[in-house]
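Here's the structure, in C-alpha coordinates; my notes come after.
In each ligand, atom 1 is the first atom listed, and ligand 1 is the first ligand listed. Bear in mind the structure is a predicted one, so any value in this text is a computation, not a measurement.
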Amino acid sequence: MVRIAVRDDLKALEGYHSPQVSVRVRLNTNESPTAPPAAWHDAFASELSRLEWHRYPDRAATELRAAIAALHGVDPSQVFAANGSNEVLQTLLLTYAGPGRTIATFEPTYQLHAHIARLTGATVVEGERRGDFTLDLGEVRRVCESFDPVVTFLCSPNNPTGLVEPEANVRAVMDMATGLVVVDEAYGQFADWSALDLIDEETPLVVTRTFSKTWSMAGARLGYLVGPSWLVAELDKVILPYHLDAAKQIAGRLALRFVDDMEARVQLIVSERDRIQSAFDNMALHYWPSGANFVLFRPRTRSGRDTWQALVEHSVLVRDCSSWPRLENCLRVTVGTPEENNAFLYALQEVLS
Ligand SMILES: *Cc1c(COP(=O)(O)O)cnc(C)c1O
(Lines give C-alpha, C1' and ligand atoms only; values in the text may rest on other atoms or scores of the structure.)
Protein backbone atom coordinates (compact mmCIF):
# COMPACT_ATOMS: atom_id res chain seq x y z
CA MET A 1 0.00 0.00 0.00
CA VAL A 2 1.31 3.41 -0.93
CA ARG A 3 0.50 6.35 1.28
CA ILE A 4 0.77 9.63 -0.55
CA ALA A 5 2.45 12.39 1.46
CA VAL A 6 0.35 15.41 2.33
CA ARG A 7 1.55 18.97 1.75
CA ASP A 8 4.69 19.72 3.80
CA ASP A 9 2.97 22.53 5.69
CA LEU A 10 0.12 20.21 6.78
CA LYS A 11 2.38 17.50 8.25
CA ALA A 12 2.73 19.16 11.63
CA LEU A 13 -0.95 20.14 11.93
CA GLU A 14 -3.34 18.35 14.21
CA GLY A 15 -7.06 18.08 13.46
CA TYR A 16 -9.73 19.89 15.43
CA HIS A 17 -10.82 17.70 18.36
CA SER A 18 -14.06 17.83 20.30
CA PRO A 19 -14.74 14.36 21.69
CA GLN A 20 -18.38 13.25 21.49
CA VAL A 21 -18.70 10.86 24.42
CA SER A 22 -22.05 9.17 24.96
CA VAL A 23 -23.46 10.63 28.20
CA ARG A 24 -26.79 11.78 29.62
CA VAL A 25 -25.90 15.46 29.99
CA ARG A 26 -23.97 17.01 27.10
CA LEU A 27 -22.61 20.45 27.94
CA ASN A 28 -19.51 20.57 25.74
CA THR A 29 -20.25 22.32 22.44
CA ASN A 30 -22.19 25.49 23.34
CA GLU A 31 -25.34 24.55 21.45
CA SER A 32 -28.77 25.74 22.50
CA PRO A 33 -30.24 23.24 24.98
CA THR A 34 -33.69 23.49 23.38
CA ALA A 35 -35.12 22.99 19.89
CA PRO A 36 -36.58 25.68 17.63
CA PRO A 37 -40.31 26.37 18.24
CA ALA A 38 -42.99 23.95 16.98
CA ALA A 39 -44.27 26.62 14.59
CA TRP A 40 -40.86 26.62 12.90
CA HIS A 41 -41.03 22.82 12.46
CA ASP A 42 -44.48 23.13 10.89
CA ALA A 43 -43.51 25.91 8.51
CA PHE A 44 -40.32 24.06 7.53
CA ALA A 45 -42.13 20.75 6.89
CA SER A 46 -44.72 22.51 4.78
CA GLU A 47 -42.19 24.30 2.56
CA LEU A 48 -40.04 21.18 2.34
CA SER A 49 -42.97 19.20 0.95
CA ARG A 50 -43.09 21.58 -2.02
CA LEU A 51 -39.36 21.57 -2.72
CA GLU A 52 -38.22 20.71 -6.26
CA TRP A 53 -35.52 18.20 -5.40
CA HIS A 54 -34.51 17.60 -9.01
CA ARG A 55 -33.39 21.25 -9.37
CA TYR A 56 -30.24 22.91 -8.09
CA PRO A 57 -30.90 25.30 -5.23
CA ASP A 58 -30.89 29.08 -5.69
CA ARG A 59 -27.18 29.66 -6.07
CA ALA A 60 -27.29 33.16 -4.60
CA ALA A 61 -29.58 32.11 -1.71
CA THR A 62 -31.53 35.26 -2.57
CA GLU A 63 -34.37 34.94 -0.06
CA LEU A 64 -32.14 33.80 2.79
CA ARG A 65 -29.74 36.68 2.22
CA ALA A 66 -32.63 39.13 2.03
CA ALA A 67 -34.02 37.83 5.34
CA ILE A 68 -30.62 38.12 7.06
CA ALA A 69 -30.13 41.60 5.57
CA ALA A 70 -33.55 42.70 6.85
CA LEU A 71 -32.73 41.37 10.31
CA HIS A 72 -29.65 43.59 10.51
CA GLY A 73 -30.84 46.53 8.43
CA VAL A 74 -28.16 46.10 5.75
CA ASP A 75 -28.24 45.50 1.99
CA PRO A 76 -28.41 41.84 0.81
CA SER A 77 -25.19 42.48 -1.13
CA GLN A 78 -23.49 42.88 2.27
CA VAL A 79 -24.43 39.35 3.41
CA PHE A 80 -22.52 36.14 2.68
CA ALA A 81 -23.97 32.83 3.95
CA ALA A 82 -22.30 29.41 4.10
CA ASN A 83 -22.37 25.99 5.78
CA GLY A 84 -21.76 27.16 9.33
CA SER A 85 -19.73 30.19 10.23
CA ASN A 86 -16.74 27.88 10.00
CA GLU A 87 -17.24 27.71 6.24
CA VAL A 88 -17.67 31.48 6.22
CA LEU A 89 -14.28 31.76 7.94
CA GLN A 90 -12.73 29.23 5.58
CA THR A 91 -13.97 31.13 2.54
CA LEU A 92 -12.73 34.40 3.98
CA LEU A 93 -9.30 32.90 4.63
CA LEU A 94 -9.11 31.17 1.23
CA THR A 95 -9.79 34.59 -0.26
CA TYR A 96 -7.52 36.78 1.89
CA ALA A 97 -4.99 34.52 3.62
CA GLY A 98 -2.95 31.75 1.92
CA PRO A 99 0.80 31.26 1.46
CA GLY A 100 3.01 34.29 2.05
CA ARG A 101 0.32 36.11 4.04
CA THR A 102 -0.05 36.55 7.79
CA ILE A 103 -3.11 36.50 10.01
CA ALA A 104 -3.26 37.50 13.68
CA THR A 105 -5.16 36.08 16.64
CA PHE A 106 -5.06 37.06 20.32
CA GLU A 107 -4.91 33.97 22.49
CA PRO A 108 -6.68 32.27 24.04
CA THR A 109 -9.49 32.46 21.51
CA TYR A 110 -11.48 30.26 19.12
CA GLN A 111 -9.00 27.65 17.88
CA LEU A 112 -10.44 27.40 14.38
CA HIS A 113 -9.36 30.94 13.43
CA ALA A 114 -5.70 29.91 13.56
CA HIS A 115 -6.36 26.35 12.40
CA ILE A 116 -8.23 27.26 9.22
CA ALA A 117 -5.71 29.99 8.43
CA ARG A 118 -2.90 27.42 8.65
CA LEU A 119 -4.85 25.06 6.36
CA THR A 120 -4.78 27.78 3.70
CA GLY A 121 -0.99 27.92 4.03
CA ALA A 122 -0.92 31.30 5.80
CA THR A 123 1.41 32.20 8.66
CA VAL A 124 -0.37 32.68 11.98
CA VAL A 125 0.90 35.16 14.56
CA GLU A 126 -0.58 34.44 17.98
CA GLY A 127 -0.64 37.62 20.08
CA GLU A 128 -1.01 37.24 23.84
CA ARG A 129 -3.89 38.50 25.94
CA ARG A 130 -3.30 39.72 29.48
CA GLY A 131 -3.28 37.23 32.35
CA ASP A 132 -6.99 37.90 32.96
CA PHE A 133 -7.65 37.20 29.22
CA THR A 134 -8.63 40.80 28.39
CA LEU A 135 -7.21 42.26 25.19
CA ASP A 136 -3.85 44.07 25.53
CA LEU A 137 -3.91 46.97 23.04
CA GLY A 138 -0.14 47.40 23.34
CA GLU A 139 0.23 43.81 22.17
CA VAL A 140 -2.21 44.46 19.32
CA ARG A 141 -0.08 47.43 18.24
CA ARG A 142 3.09 45.34 18.42
CA VAL A 143 1.57 42.53 16.32
CA CYS A 144 0.10 44.91 13.72
CA GLU A 145 3.32 46.93 13.36
CA SER A 146 5.67 43.93 13.32
CA PHE A 147 3.71 41.54 11.14
CA ASP A 148 1.24 43.60 9.09
CA PRO A 149 -1.47 40.90 9.21
CA VAL A 150 -3.88 40.78 6.28
CA VAL A 151 -6.60 39.52 8.66
CA THR A 152 -6.87 40.25 12.39
CA PHE A 153 -9.35 38.18 14.39
CA LEU A 154 -11.38 39.17 17.42
CA CYS A 155 -14.12 37.10 19.01
CA SER A 156 -16.87 38.71 21.10
CA PRO A 157 -18.04 37.21 23.36
CA ASN A 158 -14.77 35.32 23.20
CA ASN A 159 -14.77 31.52 23.14
CA PRO A 160 -13.54 29.93 25.46
CA THR A 161 -13.27 32.77 28.01
CA GLY A 162 -16.78 34.24 27.70
CA LEU A 163 -15.44 37.81 27.77
CA VAL A 164 -17.23 40.45 25.71
CA GLU A 165 -14.85 42.75 23.82
CA PRO A 166 -15.67 46.38 24.69
CA GLU A 167 -16.55 48.60 21.73
CA ALA A 168 -13.57 50.86 22.45
CA ASN A 169 -11.22 47.88 22.00
CA VAL A 170 -12.73 46.89 18.66
CA ARG A 171 -12.47 50.49 17.44
CA ALA A 172 -8.86 50.67 18.62
CA VAL A 173 -8.01 47.43 16.78
CA MET A 174 -9.68 48.78 13.62
CA ASP A 175 -7.44 51.87 13.89
CA MET A 176 -4.27 49.83 14.30
CA ALA A 177 -4.99 47.05 11.80
CA THR A 178 -3.75 47.58 8.27
CA GLY A 179 -5.76 44.65 6.88
CA LEU A 180 -9.20 43.20 7.44
CA VAL A 181 -10.67 42.95 10.95
CA VAL A 182 -12.99 39.99 11.58
CA VAL A 183 -15.19 40.01 14.67
CA ASP A 184 -16.60 36.52 15.32
CA GLU A 185 -19.94 37.06 17.04
CA ALA A 186 -21.14 33.45 17.29
CA TYR A 187 -22.55 34.45 20.70
CA GLY A 188 -23.38 38.03 19.70
CA GLN A 189 -26.95 37.97 21.05
CA PHE A 190 -25.57 37.66 24.58
CA ALA A 191 -23.56 40.90 24.37
CA ASP A 192 -24.80 44.42 25.07
CA TRP A 193 -23.39 45.78 21.81
CA SER A 194 -22.48 44.48 18.34
CA ALA A 195 -19.74 45.36 15.87
CA LEU A 196 -22.48 45.08 13.23
CA ASP A 197 -23.11 48.76 13.99
CA LEU A 198 -19.61 49.60 12.72
CA ILE A 199 -20.02 47.97 9.29
CA ASP A 200 -20.01 50.18 6.22
CA GLU A 201 -18.74 50.12 2.64
CA GLU A 202 -15.61 52.15 3.45
CA THR A 203 -14.41 49.99 6.38
CA PRO A 204 -12.49 46.68 6.10
CA LEU A 205 -14.50 45.07 8.89
CA VAL A 206 -16.71 41.96 8.84
CA VAL A 207 -18.84 40.36 11.55
CA THR A 208 -19.57 36.62 11.48
CA ARG A 209 -22.65 35.03 13.03
CA THR A 210 -24.09 31.53 13.20
CA PHE A 211 -27.41 29.68 13.44
CA SER A 212 -25.68 27.01 15.55
CA LYS A 213 -26.01 28.60 18.98
CA THR A 214 -28.78 31.05 19.89
CA TRP A 215 -30.90 30.04 16.88
CA SER A 216 -31.01 26.38 18.05
CA MET A 217 -29.99 25.07 14.64
CA ALA A 218 -26.55 23.49 15.01
CA GLY A 219 -27.90 20.51 13.03
CA ALA A 220 -28.50 22.71 9.97
CA ARG A 221 -24.90 24.00 9.56
CA LEU A 222 -25.59 27.58 8.61
CA GLY A 223 -23.68 30.79 9.31
CA TYR A 224 -23.06 34.14 7.66
CA LEU A 225 -21.08 37.32 7.66
CA VAL A 226 -22.04 40.94 7.23
CA GLY A 227 -19.45 43.17 5.59
CA PRO A 228 -18.80 45.54 2.68
CA SER A 229 -20.38 44.41 -0.61
CA TRP A 230 -17.00 44.53 -2.44
CA LEU A 231 -15.73 41.87 -0.02
CA VAL A 232 -18.85 39.73 -0.32
CA ALA A 233 -18.45 39.79 -4.11
CA GLU A 234 -14.93 38.35 -3.75
CA LEU A 235 -16.15 35.56 -1.44
CA ASP A 236 -18.86 34.68 -3.97
CA LYS A 237 -16.09 33.97 -6.49
CA VAL A 238 -14.27 31.59 -4.14
CA ILE A 239 -17.15 29.54 -2.67
CA LEU A 240 -18.26 26.40 -4.52
CA PRO A 241 -21.37 26.83 -6.66
CA TYR A 242 -24.63 25.68 -5.01
CA HIS A 243 -22.90 25.18 -1.65
CA LEU A 244 -26.06 25.99 0.31
CA ASP A 245 -28.63 23.26 -0.24
CA ALA A 246 -32.26 24.15 -0.77
CA ALA A 247 -33.53 22.73 2.54
CA LYS A 248 -30.97 24.70 4.52
CA GLN A 249 -31.91 27.94 2.78
CA ILE A 250 -35.53 27.37 3.80
CA ALA A 251 -34.60 26.39 7.36
CA GLY A 252 -32.56 29.53 7.90
CA ARG A 253 -35.02 31.91 6.30
CA LEU A 254 -37.89 30.56 8.41
CA ALA A 255 -35.83 30.63 11.63
CA LEU A 256 -35.59 34.40 11.35
CA ARG A 257 -39.37 34.66 11.75
CA PHE A 258 -38.94 33.61 15.36
CA VAL A 259 -36.72 36.33 16.75
CA ASP A 260 -38.82 36.69 19.91
CA ASP A 261 -38.50 32.98 20.72
CA MET A 262 -34.74 33.22 20.21
CA GLU A 263 -34.49 36.21 22.51
CA ALA A 264 -36.57 34.43 25.16
CA ARG A 265 -34.16 31.48 25.01
CA VAL A 266 -31.24 33.85 25.43
CA GLN A 267 -32.88 35.36 28.54
CA LEU A 268 -33.45 31.93 30.06
CA ILE A 269 -29.85 30.93 29.38
CA VAL A 270 -28.56 34.15 30.95
CA SER A 271 -30.50 33.51 34.15
CA GLU A 272 -29.29 29.90 34.24
CA ARG A 273 -25.72 31.05 33.60
CA ASP A 274 -25.97 33.44 36.54
CA ARG A 275 -27.29 30.61 38.70
CA ILE A 276 -24.32 28.42 37.72
CA GLN A 277 -21.91 31.25 38.50
CA SER A 278 -23.53 31.79 41.92
CA ALA A 279 -23.11 28.09 42.64
CA PHE A 280 -19.47 28.40 41.51
CA ASP A 281 -19.00 31.19 44.07
CA ASN A 282 -19.62 28.60 46.78
CA MET A 283 -17.29 25.96 45.37
CA ALA A 284 -13.56 25.40 45.37
CA LEU A 285 -12.94 26.81 41.92
CA HIS A 286 -12.03 29.87 39.93
CA TYR A 287 -14.17 31.03 37.00
CA TRP A 288 -14.28 33.83 34.45
CA PRO A 289 -17.61 35.72 34.64
CA SER A 290 -19.19 35.01 31.26
CA GLY A 291 -21.05 37.12 28.72
CA ALA A 292 -22.10 34.05 26.71
CA ASN A 293 -23.84 30.65 27.10
CA PHE A 294 -20.84 28.90 28.66
CA VAL A 295 -18.51 29.41 31.60
CA LEU A 296 -14.77 28.72 31.78
CA PHE A 297 -13.67 27.48 35.18
CA ARG A 298 -10.66 26.00 36.96
CA PRO A 299 -11.03 23.59 39.89
CA ARG A 300 -8.63 24.21 42.77
CA THR A 301 -8.74 20.87 44.57
CA ARG A 302 -8.35 18.54 41.59
CA SER A 303 -6.70 18.73 38.19
CA GLY A 304 -8.82 19.75 35.22
CA ARG A 305 -8.32 16.43 33.48
CA ASP A 306 -9.30 14.45 36.59
CA THR A 307 -12.37 16.58 37.14
CA TRP A 308 -13.39 16.12 33.50
CA GLN A 309 -13.03 12.34 33.76
CA ALA A 310 -14.95 12.18 37.05
CA LEU A 311 -17.77 14.26 35.51
CA VAL A 312 -17.95 11.84 32.57
CA GLU A 313 -18.33 9.03 35.11
CA HIS A 314 -21.34 10.97 36.42
CA SER A 315 -22.60 11.07 32.80
CA VAL A 316 -21.88 14.78 32.41
CA LEU A 317 -19.73 15.94 29.49
CA VAL A 318 -18.03 19.36 29.55
CA ARG A 319 -15.22 20.66 27.35
CA ASP A 320 -11.77 19.72 28.52
CA CYS A 321 -9.53 22.73 27.81
CA SER A 322 -6.96 21.67 30.38
CA SER A 323 -4.30 20.76 27.83
CA TRP A 324 -4.77 23.89 25.70
CA PRO A 325 -2.02 26.49 25.87
CA ARG A 326 -2.70 29.16 28.55
CA LEU A 327 -5.70 27.23 29.91
CA GLU A 328 -4.01 24.81 32.26
CA ASN A 329 -6.58 22.88 34.33
CA CYS A 330 -9.50 24.74 32.76
CA LEU A 331 -12.86 23.26 31.80
CA ARG A 332 -15.69 24.93 29.92
CA VAL A 333 -19.33 24.16 30.64
CA THR A 334 -22.17 25.04 28.28
CA VAL A 335 -25.33 26.36 29.96
CA GLY A 336 -28.04 23.72 29.46
CA THR A 337 -31.64 23.33 30.55
CA PRO A 338 -32.32 23.90 34.28
CA GLU A 339 -32.41 20.10 34.77
CA GLU A 340 -29.10 19.62 32.95
CA ASN A 341 -27.49 22.41 34.94
CA ASN A 342 -28.73 20.86 38.19
CA ALA A 343 -27.24 17.52 37.13
CA PHE A 344 -23.94 19.22 36.28
CA LEU A 345 -23.77 21.21 39.55
CA TYR A 346 -24.68 18.17 41.61
CA ALA A 347 -22.01 16.05 39.91
CA LEU A 348 -19.41 18.80 40.19
CA GLN A 349 -20.11 19.18 43.92
CA GLU A 350 -19.63 15.43 44.36
CA VAL A 351 -16.47 15.40 42.28
CA LEU A 352 -14.81 18.32 44.04
CA SER A 353 -15.77 17.52 47.64
C1 LIG B 1 -19.57 27.72 17.83
C2 LIG B 1 -18.74 28.78 17.23
C3 LIG B 1 -18.83 29.03 15.87
C4 LIG B 1 -19.87 28.31 15.09
O5 LIG B 1 -19.47 27.64 14.05
P6 LIG B 1 -20.55 27.02 13.06
O7 LIG B 1 -19.68 26.53 11.98
O8 LIG B 1 -21.43 28.16 12.62
O9 LIG B 1 -21.31 25.98 13.79
C10 LIG B 1 -18.06 30.05 15.33
N11 LIG B 1 -17.25 30.77 16.10
C12 LIG B 1 -17.16 30.55 17.42
C13 LIG B 1 -16.30 31.42 18.26
C14 LIG B 1 -17.90 29.54 18.01
O15 LIG B 1 -17.79 29.30 19.32
Neighbouring protein residues of ligand 1 - any heavy atom closer than 4.0 Å: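 Within the 4.0 Å shell of ligand 1, which is judged on heavy atoms, sit G84, S85, N86, Y110, C155, N159, D184, A186, Y187, T210, S212, K213, R221.
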
Pairs where residues 343-353 contributes a residue and the test side chain to side chain donor-acceptor pair (under 3.5 Å) is met, not counting sequence neighbours: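 The answer is none; no pair qualifies.
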
Side chain to side chain donor-acceptor pair (under 3.5 Å) contacts touching residues 226-237 (sequence neighbours left out):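 Side chain to side chain donor-acceptor pair (under 3.5 Å) check on residues 226-237 returns R65-D236, E201-S229, E234-K237.
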
Mutual orientation of the aromatic rings belonging to Y187 and F190 [parallel < 30°, tilted 30-60°, perpendicular > 60°]: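 Answer is tilted, since the angle falls between 30° and 60°.
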
Salt bridge (Lys or Arg N to Asp or Glu O under 4.0 Å) contacts touching residues 305-321 (sequence neighbours left out):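 Every salt bridge (Lys or Arg N to Asp or Glu O under 4.0 Å) pair that includes a residue of residues 305-321, provided the two are not neighbours, is R302-D306, R305-D320.
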
Side-chain donor/acceptor of R300 to backbone N/O of M283, under 3.5 Å: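 Flag not set: sc R300 to bb M283 has no pair under 3.5 Å.
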
Stepwise side-chain hydrogen bond (donor to acceptor under 3.5 Å, both in side chains) test for N30 and T334: CA-CA 5 Å; N30 297 346; T334 304; 2.7 Å; yes

